[in-house]
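The structure under discussion appears below in the form of C-alpha cells.
So that the names make sense, note that chain A is the first sequence line, chain B the second, and so on, each numbered from 1. These values consider heavy atoms only, across backbone and side chains, with no hydrogens, waters or symmetry-generated copies.
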There are 2 protein chains.
Amino acid sequence: MEDALIKEHLPGWRSTRQRAALLRALREAADFVSATDLHAALTADGAAIGLTTVYRTLRVLERTGHVDVTREKTGERLYRPRPADGHRHYLVCRRCGHSRPVEADSVERWVENLAASTAFTAVEHTLELTGVCGPCQSGGTSSPE
Amino acid sequence: MEDALIKEHLPGWRSTRQRAALLRALREAADFVSATDLHAALTADGAAIGLTTVYRTLRVLERTGHVDVTREKTGERLYRPRPADGHRHYLVCRRCGHSRPVEADSVERWVENLAASTAFTAVEHTLELTGVCGPCQSGGTSSPE
DNA sequence: TTCGTTGCAAAAGGTTTGCATACCA
DNA sequence: TGGTATGCAAACCTTTTGCAACGAA
C-alpha cells in the first residue's frame with residue numbers, strides 16, 4: 001500500500017520495503033530530522049534498514065526536490081519533506097527543533113532584483129532562520145541555546 | 001610589524017609568527033577561502049604553521065566577528081575577512097569563487113518583522129547567495145557549474 | 001618563570017563507496 | 001533472469017582534541 005507513496009515520489013523506482021518505510025517515517029517526522037535520527041526511528045519501529053540506504057534515498061529525494069535540507073552548525077544535514085504549496089524557507093527553533101514554513105515572497109523578489117543589478121546570473125539562494133519558539137520561551141525546554 | 005595587525009584584530013592576544021602570517025594570508029585572499037587553502041598558501045610561501053593552528057585561529061576570528069563564514073555544498077567551511085562597513089551577505093560565483101558583498105537591508109528588516117509576527121524571538125538568519133559572475137559568463141573559467 | 005600557544009598524531013563525526021548478496025519487476 | 005537496491009565494512013574529509021614541547025611577555 002506504500003507503493004503509491006513510492007510511485008508518487010519516485011516514479012520509475014523500484015518499490016522496496018526500505019523505501020516505503022523511509023518515506024513513511026519522513027512524513028511522520030514533519031520537522032527537520034537527520035539521517036541518523038530517521039535510521040534510529042526506523043530501527044526502533046522494527047523496520048530493518050541500513051544507514052547507507054537512508055543516506056542514499058535521502059540524497060535522491062533531495063535531488064528530485066521532495067525534501068528541503070538545512071545544516072546544523074555542526075555541519076550535519078537535516079531533511080524535511082517539502083510542503084505541497086512549495087514553501088522553501090523555514091523558521092527553526094534553536095531549543096526544540098520545531099520548524100514552520102514562512103512566507104518569503106519579498107525575499108524571493110529581492111533576490112530576483114539582485115540578479116538584475118549585479119551582472120551575476122542564475123542567482124540561487126539559501127536562507128536559514130532560527131529563533132526561539134513561543135512554547136520554549138515560557139515553558140522552557142531543557143537543552144541550552 | 002604585523003603586531004599592529006594582531007593587536008587590532010585580537011586585543012589581548014599574544015603576537016606570534018603564525019597568527020601574523022595567517023592574518024596576512026587572509027587579507028590577501030580577499031575572497032572566501034578554506035582552512036586547507038590557507039594552510040597550503042602559507043606553506044607554499046614558506047611560513048611554517050600547523051593546520052591545527054589555522055583552524056584554531058579561524059575559529060576565534062569567527063567568534064569575534066572578524067571573518068564571515070559560508071559553507072560549501074560539501075560542508076567545508078569557507079572564511080572571508082569581514083569588510084569594515086559591516087557587510088555580512090555575499091554573492092558568490094559558482095564557477096570561479098569570486099565573491100562580492102551585497103546590500104541586504106531589506107532582508108534584515110524583513111527578518112525583524114518576522115520575529116514580530118511569529119512568536120519566535122531572537123531570530124537569527126543566514127543568507128547564502130550564489131550565481132555566475134560576469135567574467136565567467138563570457139570568458140568562461142574552466143571548472144564546471 | 002609563567003602560562004598561553006603550537007603541532008603532531010589520533011579521534012571524532014557525518015557521509016560516501018566497494019563489493020558481494022538479495023530481491024523487485 | 002537481469003539489473004537495481006541493499007548492507008556491511010572500510011574509506012573519506014574536514015574539523016577537533018590530547019598532550020608534550022615551545023616561546024611571548
Side-chain angles (χ1 to χ4, degrees), chain A residues 1-26 32-43 46-64 67 69-79 97, chain B residues 1-26 32-43 46-64 67 69-79 97:
Chain A
M1 102 198 81
E2 295 288 349
D3 275 13
L5 208 53
I6 291 182
K7 299 227 167 65
E8 175 196 339
H9 286 77
L10 307 166
W13 279 41
R14 287 196 182 167
S15 169
T16 66
R17 172 177 49 80
Q18 292 91 335
R19 287 175 176 172
L22 178 49
L23 290 176
R24 202 180 327 120
L26 200 51
F32 280 99
V33 289
S34 69
T36 45
D37 286 344
L38 276 171
H39 182 246
L42 284 163
T43 303
I49 184 173
L51 182 55
T52 302
T53 300
V54 174
Y55 276 112
R56 278 196 279 235
T57 307
L58 285 173
R59 194 150 39 124
V60 177
L61 288 171
E62 178 182 355
R63 273 203 297 265
T64 54
V67 295
V69 185
T70 57
R71 271 184 194 280
E72 285 272 288
K73 286 197 186 59
T74 63
E76 191 180 28
R77 280 195 182 85
L78 302 182
Y79 304 84
Chain B
M1 99 199 83
E2 294 289 348
D3 276 13
L5 209 53
I6 292 184
K7 297 229 169 61
E8 175 194 340
H9 285 78
L10 307 166
W13 278 41
R14 285 197 185 169
S15 169
T16 65
R17 171 175 51 79
Q18 292 91 335
R19 286 176 177 171
L22 177 49
L23 289 176
R24 202 179 327 118
L26 198 52
F32 281 99
V33 290
S34 69
T36 46
D37 286 344
L38 276 171
H39 182 246
L42 285 164
T43 302
I49 184 173
L51 181 56
T52 303
T53 300
V54 174
Y55 276 113
R56 278 195 281 235
T57 307
L58 285 173
R59 193 149 40 120
V60 177
L61 288 171
E62 178 182 355
R63 272 204 297 267
T64 54
V67 296
V69 185
T70 57
R71 271 182 193 282
E72 284 272 289
K73 286 195 188 58
T74 63
E76 191 181 27
R77 280 195 183 85
L78 302 182
Y79 303 85

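Between the side chain of B:Arg77 and the main chain of A:Gly75, no donor-acceptor pair closer than 3.5 Å is present. Judged by distance alone, with hydrogens and angles left aside, the side-chain atoms of A:Arg71 form a donor-acceptor pair with the main-chain N or O of B:Lys73 at under 3.5 Å. Panel note: side chain B:Thr57, backbone B:Val54; no donor-acceptor pair is recorded below 3.5 Å.
Closest of all the heavy-atom pairs between A:Leu78 and A:Phe32 is O-CD2, 3.6 Å. Minimum interatomic distance between A:Leu58 and A:Val67 (heavy atoms only, all atoms of both residues): O-CG2, 4.3 Å.
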- [ ] Give the B/S/- string for nucleotides 4-10 of chain C, one per nucleotide from 5' to 3', where a protein heavy atom under 4.0 Å of the base yields B, of only the sugar-phosphate yields S, and otherwise -.
- [x] BSBBBB-
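Computed from coordinates, the B:Tyr79 OH to D:dT15 C1' distance equals 8 Å when rounded to whole Å. One interatomic measurement links the two molecules: CG of A:Leu42 to P of D:dG7, which rounds to 11 Å at whole-angstrom precision. The interatomic distance linking A:Lys73 (NZ) with C:dG14 (C1') rounds to 18 Å, in whole Å. Following rounding to the nearest Å, B:Glu72 (CD) and C:dT15 (C1') show an atom-to-atom distance of 16 Å. Atom CG in A:Leu58 sits roughly 13 Å away from atom C1' in C:dG14 (whole-Å rounding). Between B:Glu76 atom CD and C:dT15 atom P the separation is 16 Å, expressed in whole Å. Computed from coordinates, the B:Arg71 CZ to C:dG14 P distance equals 12 Å when rounded to whole Å.
For the OP1/OP2 pair of D:dT14 and a distance below 4.0 Å, the side-chain nitrogens and oxygens of B:Arg59 include no atom meeting the criterion. A sub-4.0 Å separation between OP1 or OP2 of C:dT15 and a side-chain N or O of A:Tyr55 is present.
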- [ ] Would you sort out whether A:Tyr55 and A:Thr36 count as a side-chain contact (heavy atoms from CB on, under 4.5 Å), showing the intermediate values?
- [x] CA-CA 9 Å; A:Tyr55 276 112; A:Thr36 45; 4.2 Å; yes
